[in-house]
Trainee: 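Okay, handing you the structure first.
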Amino acid sequence: MGIRDLRILTLIVAMMVAIEALSTPIILLAAELFPDGYVENVVPIATQVDLAVTVFTLLTYAVFGRWIYVAGRNLVEAGYQDLEFTPGSRIWWFAVPFANLVKPYQGMRELWNASHGESDYTIGNGLVGAWWALWLGHGFLATILRVSAGTDAGAGPFWLQSAADIAVAVVAIVMLRRIAEAQTKLGTGELAEVFA
C-alpha cells in the first residue's frame, strides 16, 4: 500500500471542519441582519436546513475518521511495530462509552508523537491536549445547552455553542496540518536520523 500523502485529504477535512463550524454562526448572523428575509425564506425550511447541517456534520466526522485511519496506516507502513492503537481503533474508541473520554486522546497523542519521531508515545503535546479539552468541553457544552435552553432562551446559547465550535475547528485544523506535515517525512529517512 505504501505511505500516503495526507495533504489533499487534510485540505478536504480542514474545509469541511471549517464549514461545519461556521454553519450555525452564518445562520444566526443572517437571522440578525436580515430578519424579514430570514423569517420568509429560512424559517419555512428550518427542518430541511437542520437535516442538511446534521448530514454534513456526520459526513465531516466520517471524513475526519478516514483521515485518522490513513494517518495511522501511514505509521504502520513506515514500520512502526510498537503502537498501542491500530488505525481502526483510533476511530472506534470515539464510540465506546466512558472510554471515549480518554482513549481517542491517547490515540491521537500516539499518532502525533510517532508522526513527529518521538519514541515515547505517551508524552503529552499541548496542541493535542488543547484539541481534546476543547472537543470534550464542546460536547459537554452542547449537552448542557440542549437540556437547559428552552424556546425562550434566544440566540445566546447558539452563539456560545458557535464559539466553541469555531475554537475546536481552529485547533483541529492546525493539529491535522502539523501531523500531515510531519508524515511527509515518513519513509524518507529523515525520521530515521532522529533515532540514530
Side-chain angles (χ1 to χ4, degrees), residues 9-69 71 90-109 111-112 125-180:
L9 186 55
T10 302
L11 179 62
I12 292 167
V13 173
M15 289 187 320
M16 292 180 78
V17 165
I19 290 168
E20 195 272 330
L22 293 173
S23 62
T24 301
I26 288 170
I27 292 169
L28 291 172
L29 200 56
E32 285 188 22
L33 295 177
F34 312 105
D36 295 335
Y38 181 82
V39 169
E40 184 178 320
N41 298 308
V42 178
V43 171
I45 60 167
T47 302
Q48 291 87 346
V49 171
D50 287 345
L51 180 61
V53 169
T54 300
V55 168
F56 188 80
T57 298
L58 293 174
L59 185 59
T60 301
Y61 290 165
V63 176
F64 196 108
R66 176 69 180 157
W67 186 96
I68 292 170
Y69 180 84
R90 281 192 185 84
I91 300 162
W92 58 256
W93 277 118
F94 280 92
V96 178
F98 302 110
N100 63 2
L101 298 173
V102 177
K103 287 295 191 180
Y105 163 73
Q106 292 172 341
M108 288 300 285
R109 179 184 64 196
L111 183 62
W112 173 280
N125 173 275
L127 187 61
V128 177
W131 165 74
W132 190 243
L134 287 167
W135 174 261
L136 288 178
H138 162 271
F140 289 131
L141 179 63
T143 302
I144 290 167
L145 291 176
R146 260 188 251 117
V147 170
S148 65
T151 55
D152 299 334
F158 294 108
W159 280 112
L160 185 60
Q161 184 64 45
S162 294
D165 291 346
I166 292 169
V168 172
V170 168
V171 174
I173 290 168
V174 171
M175 179 183 68
L176 296 180
R177 289 187 66 204
R178 290 190 182 165
I179 291 171

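The structure presented is a predicted model; accordingly, all values stated were derived computationally and were not measured.
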Trainee: Could you tell me the separation between the CD1 atom of Ile68 and the CG atom of Leu111, rounded to the nearest 0.5 Å?
Mentor: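 Going from CD1 on Ile68 over to CG on Leu111, the span is 8.0 Å.
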Trainee: Please report the shortest heavy-atom distance between Ser162 and Thr24, naming the atom on each side.
Mentor: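 So the two residues come closest at OG-CG2, 3.3 Å.
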Trainee: Return the CG to CZ distance between Leu145 and Phe140, rounded to the nearest 0.5 Å.
Mentor: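 Nearest 0.5 Å value for the CG-CZ distance: 13.5 Å.
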Trainee: Evaluate the side-chain proximity of Trp67 to Ile179: yes if any heavy-atom separation is below 4.5 Å, no if none is.
Mentor: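 Side chain of Ile179 against side chain of Trp67, heavy atoms only: contact under 4.5 Å found.
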Trainee: So for atom CZ, which belongs to Phe94, do other residues, nucleotides or ligands contribute more than 12 heavy atoms lying within a distance under 6.0 Å?
Mentor: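 More than 12 heavy atoms, drawn from other residues, nucleotides or ligands, come within 6.0 Å of this atom.
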Trainee: With side-chain contact (heavy atoms from CB on, under 4.5 Å) as the test, would you mind laying out the steps for Leu9 and Val63 before giving the verdict?
Mentor: CA-CA 8 Å; Leu9 186 55; Val63 176; 4.1 Å; yes
Trainee: What are the two closest non-hydrogen atoms of Ala164 and Leu141, and how far apart are they?
Mentor: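 That closest heavy-atom pairing would be CB-CD2, 3.8 Å.
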Trainee: Would you indicate whether the side-chain heavy atoms of Leu127 and Trp112 approach each other to under 4.5 Å?
Mentor: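 SC-SC contact between Trp112 and Leu127 confirmed.
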Trainee: Passes side-chain contact (heavy atoms from CB on, under 4.5 Å), Val96 versus Lys103? Steps please.
Mentor: CA-CA 9 Å; Val96 178; Lys103 287 295 191 180; over 6 Å; no
Trainee: Counting distance only, does the side-chain N/O of Trp132 pair as donor-acceptor with the main-chain N or O of Leu101 below 3.5 Å?
Mentor: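 Flag set: sc Trp132 to bb Leu101 pair under 3.5 Å.
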Trainee: Can you tell me how far apart CD (Gln161) and CD1 (Ile166) are? Round to the nearest 0.5 Å.
Mentor: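 Nearest 0.5 Å value for the CD-CD1 distance: 10.5 Å.
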Trainee: Give me the atom names and distance for the closest heavy-atom approach of Tyr38 to Ala30.
Mentor: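 Heavy atoms of Tyr38 and Ala30 come nearest at CB-O, 4.1 Å.
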Trainee: Once you round to the nearest 0.5 Å, how far does CE of Met175 lie from CG of Leu134?
Mentor: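 One finds 10.5 Å between CE of Met175 and CG of Leu134.
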Trainee: Can you measure from CG (Leu33) to CG (Leu28) and round to the nearest 0.5 angstrom?
Mentor: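 Between atom CG of Leu33 and atom CG of Leu28 there are 10.5 Å.
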Trainee: Measure the spacing between CD1 of Ile91 and CZ of Phe64 and express it to the nearest 0.5 Å.
Mentor: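 That separation rounds to 10.0 Å.
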Trainee: Does Glu20 reach the main-chain N or O of Thr57 with its side chain, forming a donor-acceptor pair under 3.5 Å?
Mentor: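 No; zero donor-acceptor contacts below 3.5 Å.
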Trainee: Any idea which heavy atoms bring Trp159 and Pro25 closest together, and the distance?
Mentor: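 Between these two residues, the closest heavy atoms are CH2-O, 3.8 Å.
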Trainee: Would you please test Phe56 and Met16 for side-chain contact (heavy atoms from CB on, under 4.5 Å) and show each step?
Mentor: CA-CA 8 Å; Phe56 188 80; Met16 292 180 78; 4.1 Å; yes
Trainee: How far apart are the C-alpha atoms of Val171 and Trp135, what are their side-chain angles, what is the distance that settles it, and do they pass the side-chain contact (heavy atoms from CB on, under 4.5 Å) test?
Mentor: CA-CA 10 Å; Val171 174; Trp135 174 261; over 6 Å; no
